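Notes for the one structure printed next.
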Amino acid sequence: MTRDTTPAALPTASVEDLQKLLPSVRHVLWDLDGPICRLFAVHSAPGIAKELLHVIHEAARVGKLEVPVLPKRSLDDPHAMLVAINHSWPGTEQVVELEQWLTAQELIAADSALMTSHVEPLIHRWGGSLGVPFAVSTNNSGQAAAKFLATAELDGFFPYVCGRTSDLSLMKPHPHTLLVALAALRADPSLALMIGDAPTDYRAAKRAGVAFLGYADSPHKVAKLRRAGVRSSRIVTSLKEIWAALDSQE
């Protein structure tokens, strides 16, 4: 199953914009949740966040730690919640245990994740017949990413999966996962491209010296990327647009 939405007409990349960008790309770093799949399509992020809040309070009770006031925006986002807790409890075993708990939830979510529309033929075309090497750079668990790719029979295109570690300070917008992926691919950052759907992806790519292409399947996401500084010419609303640009080059 896939998803596809039809965003309202907003300024985004034209075929000509993509034709200028793509020929110089020799390596592609993909974010997982968004460009490749909806990881939390069934096992939802808000549901996980609600349960995580209970886990946090229990960890605080056992470790005799004070639970900070969490930002309202984090209460539906387990990643944001975990980052906020890490700021208050840095270097504690409780943070490591919470990260492991979230990894377990993401592994469950991987079983019911939905593939993003047009991603499968794009990966086969770009990484297969055109031979462009890929890696995953994600704030999700690398185990969960690898599990989804294997289930979707796409793992052969992604020899390197660089995911979240127990050091949550290295999550994007930190460029750590991008730098690890670039090193594994032996890639020149100036010839690499990151495809992501969040401002944190853009900021990480910028810090790693990697070109960025935003995937935004709703007007809201287009607006978020634009506010973060992503140019309209570097945003697509469907992966089919990348396919069309690659097709036009042959």
Side-chain angles (χ1 to χ4, degrees), residues 1-5 7 30-59 67-89 94-117 119 136-149 151-152 161-166 168-174 177 195-204 214-225 227-228 237 239:
M1 297 178 65
T2 62
R3 68 167 177 171
D4 204 3
T5 59
W30 293 75
D31 183 34
L32 178 76
D33 189 20
I36 295 179
C37 69
R38 281 179 65 199
L39 182 61
F40 302 110
V42 177
H43 192 44
S44 73
I48 293 170
K50 185 177 181 179
E51 190 173 350
L52 177 57
L53 188 58
H54 292 294
V55 176
I56 288 170
H57 279 277
E58 178 61 17
V67 178
V69 176
L70 297 170
K72 186 175 180 181
R73 64 177 179 79
S74 76
L75 297 181
D76 285 336
D77 181 345
H79 285 173
M81 190 180 293
L82 203 57
V83 168
I85 287 295
N86 185 59
H87 284 315
S88 297
W89 302 350
Q94 283 78 15
V95 168
V96 174
E97 291 170 357
L98 290 171
E99 191 281 324
Q100 292 172 345
W101 182 90
L102 182 55
T103 291
Q105 297 302 308
E106 290 177 343
L107 286 167
I108 294 170
D111 288 329
S112 54
L114 300 182
M115 200 178 306
T116 299
S117 291
V119 73
V136 167
S137 168
T138 178
N139 278 346
N140 297 115
S141 158
Q143 296 174 57
K147 183 178 183 180
F148 173 80
L149 292 170
T151 301
V161 175
C162 304
R164 183 183 66 240
T165 72
S166 59
L168 302 182
S169 68
L170 298 179
M171 291 172 65
K172 290 177 287 185
H174 194 287
T177 58
I195 300 177
D197 71 337
T200 50
D201 297 319
Y202 169 63
R203 292 195 289 270
Y215 169 66
D217 64 351
S218 72
H220 172 68
K221 289 185 178 180
V222 172
K224 281 183 69 174
L225 290 175
R227 287 195 298 270
T237 58
L239 298 179

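As a basis for the values below, the full set of heavy atoms in this structure was taken, side chains included, without hydrogen atoms, waters or symmetry mates. Only a predicted model underlies this, so the values are computations on that prediction, with no experimental measurement involved.
Remark: side-chain polar atoms of T177 are not paired, donor with acceptor, to backbone N or O of C162 under 3.5 angstrom. Between the side chain of S141 and the main chain of A144, a donor-acceptor pair closer than 3.5 Å is present. Of the possible polar contacts, none joining the S74 side chain to the L70 backbone as a donor-acceptor pair under 3.5 Å is found. Although no hydrogens or angles enter the test, the distance criterion places no donor-acceptor pair under 3.5 Å between the side chain of D31 and the main chain of T138. Side-chain atoms of K172 never come within 3.5 Å of backbone atoms of A198 as a donor-acceptor pair (strictly under, hydrogens ignored).
Side-chain atoms of I85 and P68, non-hydrogen and from C-beta on, do get closer than 4.5 Å to each other.
Taken from NE2 in H79 to CG in N139, the straight-line distance is 6.5 Å, to the nearest 0.5 Å. A distance of 8.0 Å separates OG1 of T116 from CD1 of I36, quoted to the nearest 0.5 Å. For the atom pair I108 CD1 and F40 CZ, the distance stands at 11.0 Å (nearest 0.5 Å). Distance check, rounded to the nearest 0.5 Å: CH2 of W101 to CD1 of I56 gives 8.5 Å. The OG1 atom of T165 lies 7.0 Å from the CD atom of E99; values are rounded to the nearest 0.5 Å.
If you check the side chains of R164 and T103, you find a donor sitting under 3.5 Å from an acceptor.
D76 and K50 are not joined by a salt bridge, as no carboxylate oxygen comes within less than 4.0 angstrom of a charged side-chain nitrogen. With respect to the salt-bridge test (charged N to carboxylate O, under 4.0 angstrom), the residues K224 and D197 do not qualify. One finds a salt bridge joining K221 and D217 here, because a Lys/Arg side-chain nitrogen approaches an Asp/Glu carboxylate oxygen to under 4.0 Å.
When all heavy atoms of V136 and A145 are compared, the pair lying nearest together is CG1-CB, 4.4 Å.
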